[in-house]
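Atom set for the values below is all heavy atoms of this structure, side chains included, hydrogens, waters and symmetry mates excluded. Numbers for residues simply follow the sequence, beginning at 1.
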Amino acid sequence: MVDDSVIAAAAGLSVTASLPFLLYGAWIMIDAETVTWNVLTHHLRYIGAGLLLTTVPIVVWMVPRLFRRLSGLAVIHAFLGLQAYALLAFALTGIFRILQAKRNADAYEDPDVDIDEIHEDMGHWRARLRVGVAGFMLLWLCAWVTGLYRFYSIHVAPML
């Protein structure tokens, strides 16, 4: 049987490896002057890979073991991660509406369309998207740092 420390390290490495994907996926959207369908799908490939590298270890490894080593730090770590995903869900409510409005207006095919003119609620949806994504990344980073400290205190420090 594989030691828990090895699996915890693999889970931590997977979550850590997701950070460049998430950041580059965000950079694609920040850097794009006009978001075409190709830019959107390119962005979603990186974001999807980043979320997969984060979510699989959470669901497969971390959540089932949460109550085995329940401590104050574990609760903080879980709370920060749960709040990050809640803000991601909040962002998805804006993303869905923006995608729907842009598809209905053929704004992905015609880059000259002013996105704010497509729908009267576009500014509200874009604000939801920005708040959700920024909040997700901030809380994801806090949960990641907390998780690194938990890994160190559970699996590394006892060996020293």
Side-chain angles (χ1 to χ4, degrees), residues 7-67 73-151:
I7 298 172
L13 286 174
S14 177
V15 172
T16 300
S18 72
L19 182 59
F21 287 97
L22 296 172
L23 292 177
Y24 184 68
W27 176 251
I28 290 170
M29 295 305 270
I30 291 168
D31 191 44
E33 190 165 318
T34 303
V35 178
T36 62
W37 189 253
N38 288 336
V39 170
L40 179 65
T41 55
H42 185 65
H43 158 76
L44 290 176
R45 283 187 200 110
Y46 283 95
I47 295 299
L51 289 174
L52 188 69
L53 285 168
T54 296
T55 306
V56 169
I58 290 171
V59 172
V60 173
W61 170 254
M62 296 174 196
V63 170
R65 286 160 182 76
L66 176 65
F67 295 107
L73 194 58
V75 170
I76 291 170
H77 180 66
F79 178 79
L80 291 170
L82 185 61
Q83 294 307 306
Y85 276 93
L87 280 170
L88 180 62
F90 182 72
L92 288 175
T93 63
I95 291 170
F96 175 76
R97 294 298 194 172
I98 293 168
L99 178 68
Q100 184 181 32
K102 284 184 80 171
R103 292 291 277 173
N104 290 341
D106 290 329
Y108 287 113
E109 286 78 27
D110 183 12
D112 295 329
V113 173
D114 184 14
I115 190 170
D116 291 319
E117 300 295 323
I118 294 174
H119 196 280
E120 64 270 3
D121 291 331
M122 187 61 73
H124 175 71
W125 298 334
R126 291 174 77 195
R128 287 184 125 195
L129 174 60
R130 287 183 189 115
V131 167
V133 169
F136 170 78
M137 283 309 302
L138 179 67
L139 288 168
W140 185 95
L141 286 169
C142 291
W144 178 65
V145 169
T146 307
L148 288 177
Y149 181 73
R150 284 193 69 225
F151 175 79

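By the 4.5 Å heavy-atom criterion applied to side chains, D106 and V113 are not counted as neighbours. Residues L138 and L141 fail the side-chain proximity criterion, which asks for heavy atoms closer than 4.5 Å. Between L139 and Y85 the shortest side-chain heavy-atom distance does not fall below 4.5 Å. A heavy-atom distance below 4.5 Å is found between the side chains of V15 and W140. At a threshold of 4.5 Å between non-hydrogen side-chain atoms, the residues W27 and I30 count as touching. Taking the side chain as every heavy atom from C-beta outward, L44 and M29 never approach each other to under 4.5 Å. With a 4.5 Å cut-off on side-chain heavy atoms, L23 and M137 count as touching. By the 4.5 Å heavy-atom criterion applied to side chains, W37 and L40 are counted as neighbours.
Rounding to the nearest 0.5 Å gives a distance of 10.0 Å between CZ of F96 and CH2 of W125. To the nearest 0.5 Å, atom NZ of residue K102 and atom CD of residue E109 are 10.0 Å apart. Within the model, atoms CG of L66 and CD1 of I58 stand 11.5 Å from one another, a figure rounded to the nearest 0.5 Å. The structure places NE2 of H42 at 10.5 Å from CD1 of I47, a figure rounded to the nearest 0.5 Å.
A side-chain donor-acceptor contact under 3.5 Å links S14 to the backbone of L53. Using a distance-only test at 3.5 Å, with no hydrogens or angles considered, a donor-acceptor pair links the side chain of T41 to the main chain of N38. Not a single donor-acceptor pair under 3.5 Å links the side chain of T54 to the backbone N or O of L51.
The minimum heavy-atom distance between A11 and P57, with the atom names listed, is CB-CB, 3.9 Å. The two residues P64 and V59 have their closest heavy-atom pair at CD-O, 3.3 Å. The nearest pair of heavy atoms linking M122 to A101 is CE-CB, 3.8 Å. Summarising the geometry of T146 relative to C142, their closest heavy-atom pair is OG1-O, 2.7 Å, with the distance given to 0.1 Å.
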Exercise for review: Walk me through it: do L80 and W144 pass the test side chain to side chain contact (heavy atoms under 4.5 Å, CB included)?
Suggested key: CA-CA 9 Å; L80 291 170; W144 178 65; over 6 Å; no
Review point. Yes or no on side-chain hydrogen bond (donor to acceptor under 3.5 Å, both in side chains) for Q100 and R103, after CA distance, side-chain angles and deciding distance?
Key: CA-CA 5 Å; Q100 184 181 32; R103 292 291 277 173; over 6 Å; no
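In terms of the salt bridge (Lys or Arg N to Asp or Glu O under 4.0 Å) criterion, D114 has no residue partners (sequence neighbours excluded). Partners of R65 under the salt bridge (Lys or Arg N to Asp or Glu O under 4.0 Å) rule, at least two apart in sequence or in another chain, do not exist in this structure.
Sparse packing is recorded around CZ of F21, with 12 or fewer heavy atoms of other residues, nucleotides or ligands lying under 6.0 Å away.
Within the structure, salt bridge (charged side-chain N to carboxylate O under 4.0 Å, His left out) contacts touching residues 120-149 (residues at least two apart or in different chains) are D116-R126.
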